[in-house]
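Report on the structure given below.
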Amino acid sequence: MSNPKLRDGFELSETRRTLPIALLRLRERLMSEFRPILTAHGTTEQQWRVLRVLMEAGEIDATELAERACILPPSLSRILKTLDAKGQISMDRNPGDGRRARIRLTAEGDGFIRTVSPESSKAYERIEARIGRARIDSLLNDLDAAIRALDAD
């Protein structure tokens, strides 16, 4: 049997020690703190991300919203329909480009965020108490630097 650490002549790291898997494990662990909150309020992680981006951005087009919320455009379309049906967002056509929709949070969406935010903040406080504010800041800075380095091409 061949060496499990070799494949096509390249050495592979132990899966747990690869950046993609480590980031996925961290994401899943972090989201395990937030999923019960979102589920209790009848929303999904993706819907919450969209609402949060809209809260920060004000009005935004779908392309930028998908990028900022880290959601693929086909999935965003479905999410927007759901949020629109819930009355949490409004969409209308951009007068300068009829193919592009302008999307914004409604008062209902803003109220929803204000309802869920205190629970979300408490979960974040628990995470911060375990990890530490300095380590979180350092991780965020390191991740931002890695993203910029990979985008530099």
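Considering only heavy atoms from C-beta on, Q47 stays 4.5 Å or farther from Q88 through its side chain. Counting only heavy atoms from C-beta outward, the side chains of H41 and L38 never approach each other to under 4.5 Å. Here the side chains of I103 and D84 are not in contact, with every heavy-atom distance at 4.5 Å or above. With contacts defined as side-chain heavy-atom distances shorter than 4.5 Å, the pair R104/I89 does not qualify. In this structure the side chain of L51 never reaches within 4.5 angstrom of the side chain of D110, judged on heavy atoms.
Listed for the T106 side chain is a donor-acceptor partner under 3.5 Å among the backbone atoms of G87. For the pair T115 (side chain) and G111 (backbone), a donor-acceptor distance under 3.5 Å is present. Looking at R49, its side chain does come within 3.5 Å of a backbone N or O of A69 through a donor-acceptor pair. Between the side chain of N141 and the main chain of D137, a donor-acceptor pair closer than 3.5 Å is present. Between the side chain of T82 and the backbone N or O of R78 there is at least one donor-acceptor pair closer than 3.5 Å. No donor-acceptor pair under 3.5 Å is formed between the side chain of E119 and the backbone N or O of V116.
Residue L143 is not grouped with residue L150 when hydrophobic side chains (ILVMFWY) are merged at heavy-atom distances under 4.5 angstrom, including chains of intermediate members. L24 is not connected to F34 by any chain of hydrophobic side-chain contacts under 4.5 Å among Ile, Leu, Val, Met, Phe, Trp and Tyr, and they are in different clusters. Both L26 and L140 sit in one connected hydrophobic cluster of ILVMFWY residues. Membership requires side-chain heavy atoms under 4.5 Å apart, directly or through other members. In the hydrophobic clustering of this structure, I136 does not group with L23; members are Ile, Leu, Val, Met, Phe, Trp, Tyr whose side-chain heavy atoms approach within less than 4.5 Å, directly or through other members. By the criterion of side-chain heavy atoms lying less than 4.5 angstrom apart, applied directly or through intervening Ile, Leu, Val, Met, Phe, Trp or Tyr residues, I147 is not grouped with I71; the two fall into different hydrophobic clusters.
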Candidate pair L65 and D61, rule side chain to side chain contact (heavy atoms under 4.5 Å, CB included), full reasoning: CA-CA 6 Å; L65 178 56; D61 71 44; over 6 Å; no

Side chain to side chain contact (heavy atoms under 4.5 Å, CB included) between I21 and R16, worked out: CA-CA 6 Å; I21 294 294; R16 282 183 69 79; 5.5 Å; no

Residues I113, L54; criterion side chain to side chain contact (heavy atoms under 4.5 Å, CB included); working and verdict: CA-CA 11 Å; I113 289 173; L54 290 172; over 6 Å; no

Derivation of the side chain to side chain donor-acceptor pair (under 3.5 Å) call for S32 and R29: CA-CA 5 Å; S32 72; R29 181 58 193 92; 2.6 Å; yes

Pair R102-I60, side chain to side chain contact (heavy atoms under 4.5 Å, CB included): steps then yes or no: CA-CA 6 Å; R102 295 182 306 182; I60 193 171; over 6 Å; no

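Minimum interatomic distance between L76 and A62 (heavy atoms only, all atoms of both residues): CD2-O, 3.3 Å.
The 12-atom threshold is exceeded at CD of E128, counting heavy atoms of other residues, nucleotides or ligands nearer than 6.0 Å. Counting non-hydrogen atoms of other residues, nucleotides and ligands closer than 6.0 Å to CZ of R114 gives a total of 12 or fewer.
With values rounded to the nearest 0.5 angstrom, L105 atom CG is found 9.0 Å from L83 atom CG. For the atom pair E108 CD and S90 OG, the distance stands at 12.5 Å (nearest 0.5 Å). Atom CD of residue E67 and atom CD of residue E64 lie 7.0 Å apart, to the nearest 0.5 angstrom. Atoms CD1 and OG, on I37 and S121 in that order, are 9.0 Å from each other to the nearest 0.5 Å.
Under a 4.0 Å N-O distance rule, the pair R130/E33 qualifies as a salt bridge. R35 has a carboxylate O that lies under 4.0 Å from a charged side-chain N of E45, or vice versa, which qualifies the two as a salt bridge.
Note: W48 and F112 have perpendicular aromatic rings, judged against thresholds of 30 and 60 degrees for the angle between ring planes.
Side-chain contact, R135 with S138: no donor N or O sits under 3.5 Å from an acceptor N or O.
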